[in-house]
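Given the structure is predicted, the values throughout are model-derived calculations rather than measurements.
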Amino acid sequence: MIWIIAFGLVTIASVVLGLKKKKAIYLLVPFASIFAFMLVKIIMVPLPFTDTVRFIFSLSG
């Protein structure tokens with residue numbers, strides 16, 4: 001639950017900054033933070049990285 005609140009706050013802050021400063025780069029911050037979070041969670045799995053990624057993509061089919 002705390003992660004949802006944290007990502008929500010990051011998203012709100014980046015949208016406000018993006019609109020206030022009129023720079024689109026601030027709108028990429030939520031996507032980058034979620035990507036970094038997913039990458040950390042994948043790295044935390046005790047399998048080798050390539051096996052973990054292969055397993056995640058094999059779940060869809």
Quick check: is [Y] connected to [X] through a chain of hydrophobic side chains (ILVMFWY, heavy atoms under 4.5 Å apart)?
X	Y	result
M44	I56	no
F7	I12	no
V53	I43	yes

_Pairwise side-chain contact, I42 with F49, heavy-atom cut-off 4.5 Å (strictly under)_ =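 Of all side-chain heavy-atom pairs linking F49 with I42, at least one is under 4.5 Å.
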_I want to check something: taking the side chain as every heavy atom from C-beta on, are V40 and F35 in contact at a cut-off of under 4.5 Å?_
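Result no, sub-4.5 Å side-chain heavy-atom pair not found.
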*Minimum heavy-atom separation for V10 to P30, with atom names?*
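Reported closest heavy-atom pair: CG1-CA, 4.4 Å.
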*For S14 and L27, which heavy atoms make the closest approach, and how far apart are they?*
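Closest approach of S14 to L27, heavy atoms only: O-CD2, 4.1 Å.
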*Taking the six-membered ring for Trp, are F37 and W3 parallel (under 30°), tilted (30 to 60°) or perpendicular (over 60°)?*
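F37 and W3: tilted rings.
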*asked:* How long is the straight-line distance from CG of L17 back to NZ of K22, given to the nearest 0.5 Å?
replied: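 Between atom NZ of K22 and atom CG of L17 there are 13.0 Å.
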